[in-house]
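Can you read through this structure? Questions will come right after.
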Amino acid sequence: MILRKAGYIGGVYREQYEGKISSICPVVELILYWGNGHWHGCRSIDQLFFGQALPSKLRDYIDNMRLHVWEMRHLPREVRERFGSDMRIVLDYLAEGNGYRSDRQVVHKGALIRMLKVLSGDYDTEDIEKQLDTMNIREGDKITVCELFDQYERKGRNEGLQQGRSERLHEGLREGIRILILTCRDMKLGFRETSERVKQGFQLDDTELRKNMELYWPK
């Protein structure tokens, strides 16, 4: 990262002396680190190279460059309080976890949910606007953090219940097919007659019928 910084800083100063930027100005570079743990990488040219066996006289001619790293998940409260708008919500949530509650107004609903999901390791963010729309939440609506989180969490629970019902229904269907096939076998019915009863009884198409018969009818 220290070498990347050297490239970035050098690029900006190059634009200045080539006249691509109208005025000459100092460049300040900050690193916003979002990792879960603390930053353990090199923070300066000294740390990167001076562990090597370099002649002591050579070190006086090496320009030292330092990284200014902000560990965004570990900022103290007095620093977080300097942030405004939705960034303050993000930082407080990362610091306090799922117990975070606030009456702050959310400005950019979709962007906030998307950023929190990505920082939590969930990169499935394509349908966030659609999900907010189903919750009747618009970008211009006034809504607090608690209200937004509660509605989003409630939606997740409802989707989970629906998925659970669907899975249980599917499992029940499979079990019903299995029992019918076993019953037909006990009645000494043949494969063709059993298949017809299963197809009509559960309204299966030929593909599903073949799949279930292969699963429960012994070869």
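Remember, predicted model here, so these are calculated numbers, not experimental data. In this chain, residues are counted from 1 in sequence order.
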query: Are V90 and L30 in one and the same hydrophobic cluster, where Ile, Leu, Val, Met, Phe, Trp and Tyr link if side-chain heavy atoms are under 4.5 Å apart?
result: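 Same cluster: V90 reaches L30 through Ile, Leu, Val, Met, Phe, Trp or Tyr contacts under 4.5 Å.
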message: Does L58 have more than 12 heavy atoms from other residues, nucleotides or ligands lying within 6.0 Å of its CG?
response: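 Yes.
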message: For the CG atom of D92 and the CZ atom of R80, what is their distance to the nearest 0.5 Å?
response: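 Rounded to the nearest 0.5 Å, the CG-CZ separation comes to 4.5 Å.
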Sequence-distant partners of R77, salt bridge (charged side-chain N to carboxylate O under 4.0 Å, His left out), two or more places apart: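 Only E96 meet the salt bridge (charged side-chain N to carboxylate O under 4.0 Å, His left out) criterion with R77.
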- prompt: Who are the side chain to side chain contact (heavy atoms under 4.5 Å, CB included) partners of T207, not counting sequence neighbours?
  reply: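 In terms of side chain to side chain contact (heavy atoms under 4.5 Å, CB included), with neighbours along the sequence ignored, T207 is linked to D205, R210.
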task: Hey, could you give me the CH2/CE distance between W39 and M1, rounded to the nearest 0.5 Å?
output: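 Between atom CH2 of W39 and atom CE of M1 there are 4.5 Å.
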query: Taking only residues two or more places apart in sequence, or in another chain, which ones meet E196 in a salt bridge (charged side-chain N to carboxylate O under 4.0 Å, His left out)?
result: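 Result, salt bridge (charged side-chain N to carboxylate O under 4.0 Å, His left out) vs E196: none returned.
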- request: Supply the atom-to-atom distance N64 CG to D46 CG, rounded to the nearest 0.5 angstrom.
  value: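 Those atoms lie 3.5 Å apart.
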- request: Would you please name every residue forming a ring-ring contact (aromatic ring centres under 6.0 Å, His included) with F191, sequence neighbours left out?
  value: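 F191 satisfies ring-ring contact (aromatic ring centres under 6.0 Å, His included) with W217 once adjacent residues are dropped.
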query: Among all residues two or more places apart in sequence or in another chain, which pass the side chain to side chain contact (heavy atoms under 4.5 Å, CB included) test with Y13?
result: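 Residues passing side chain to side chain contact (heavy atoms under 4.5 Å, CB included) with Y13: I9, Q16, P26, V27.
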task: State, yes or no, whether a side-chain contact exists between K5 and H68 at a heavy-atom distance under 4.5 Å.
output: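 Result yes, sub-4.5 Å side-chain heavy-atom pair found.
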query: Which value, rounded to the nearest 0.5 Å, describes the distance between M72 atom CE and L94 atom CG?
result: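 If I round to the nearest 0.5 Å, the distance is 8.5 Å.
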message: Suppose the criterion is salt bridge (Lys or Arg N to Asp or Glu O under 4.0 Å): which pairs have a residue in residues 60-76, not counting sequence neighbours?
response: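 Qualifying pairs: R43-E71.
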- prompt: Between I45 and I2, which heavy-atom pair has the shortest distance, and what is it?
  reply: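 Scanning both residues, the minimum pair turns out to be CD1-CG1, 3.8 Å.
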Separation of M87 CE from R82 CZ (nearest 0.5 Å):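 If I round to the nearest 0.5 Å, the distance is 15.5 Å.
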Side chain to side chain donor-acceptor pair (under 3.5 Å) partners for E81, two or more places apart: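 E81 satisfies side chain to side chain donor-acceptor pair (under 3.5 Å) with no residue once adjacent residues are dropped.
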query: According to a 4.5 Å side-chain heavy-atom criterion applied to Ile, Leu, Val, Met, Phe, Trp and Tyr, with indirect links allowed, do L32 and V12 form part of one hydrophobic cluster?
result: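 No: no chain of side-chain contacts under 4.5 Å links L32 to V12.
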field: L48 CG to L3 CG distance, which is reported to the nearest 0.5 Å
entry: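 Interatomic distance, L48 CG to L3 CG, rounded to 0.5 Å: 5.5 Å.
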task: List in chain and number order the residues that pass side chain to side chain contact (heavy atoms under 4.5 Å, CB included) with K20, two or more places apart in sequence or in another chain; answer none if no residue qualifies.
output: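 Scan of K20 (side chain to side chain contact (heavy atoms under 4.5 Å, CB included), adjacent residues dropped) gives E15, E18.
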- request: Not counting sequence neighbours, which residues clear ring-ring contact (aromatic ring centres under 6.0 Å, His included) with W70? List them please.
  value: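 Checked W70 against ring-ring contact (aromatic ring centres under 6.0 Å, His included); zero matches.
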query: Taking only residues two or more places apart in sequence, or in another chain, which ones meet R4 in a salt bridge (charged side-chain N to carboxylate O under 4.0 Å, His left out)?
result: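 Salt bridge (charged side-chain N to carboxylate O under 4.0 Å, His left out) check on R4 returns nothing, list empty.
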- prompt: Which atom names give the shortest non-hydrogen contact between F83 and R88, and what distance separates them?
  reply: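 Scanning both residues, the minimum pair turns out to be O-CB, 3.6 Å.
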field: Partners meeting side chain to side chain donor-acceptor pair (under 3.5 Å) with D86 (sequence neighbours left out)
entry: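 Side chain to side chain donor-acceptor pair (under 3.5 Å) list for D86, sorted by chain: empty.
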task: Taking ring-ring contact (aromatic ring centres under 6.0 Å, His included) as the test, write out the residues that go with H40, two or more places apart.
output: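 Partners of H40 under the ring-ring contact (aromatic ring centres under 6.0 Å, His included) test: none.
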field: Within-4.5 Å side-chain heavy-atom neighbours: S44 and Q47
entry: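 They are in side-chain contact.
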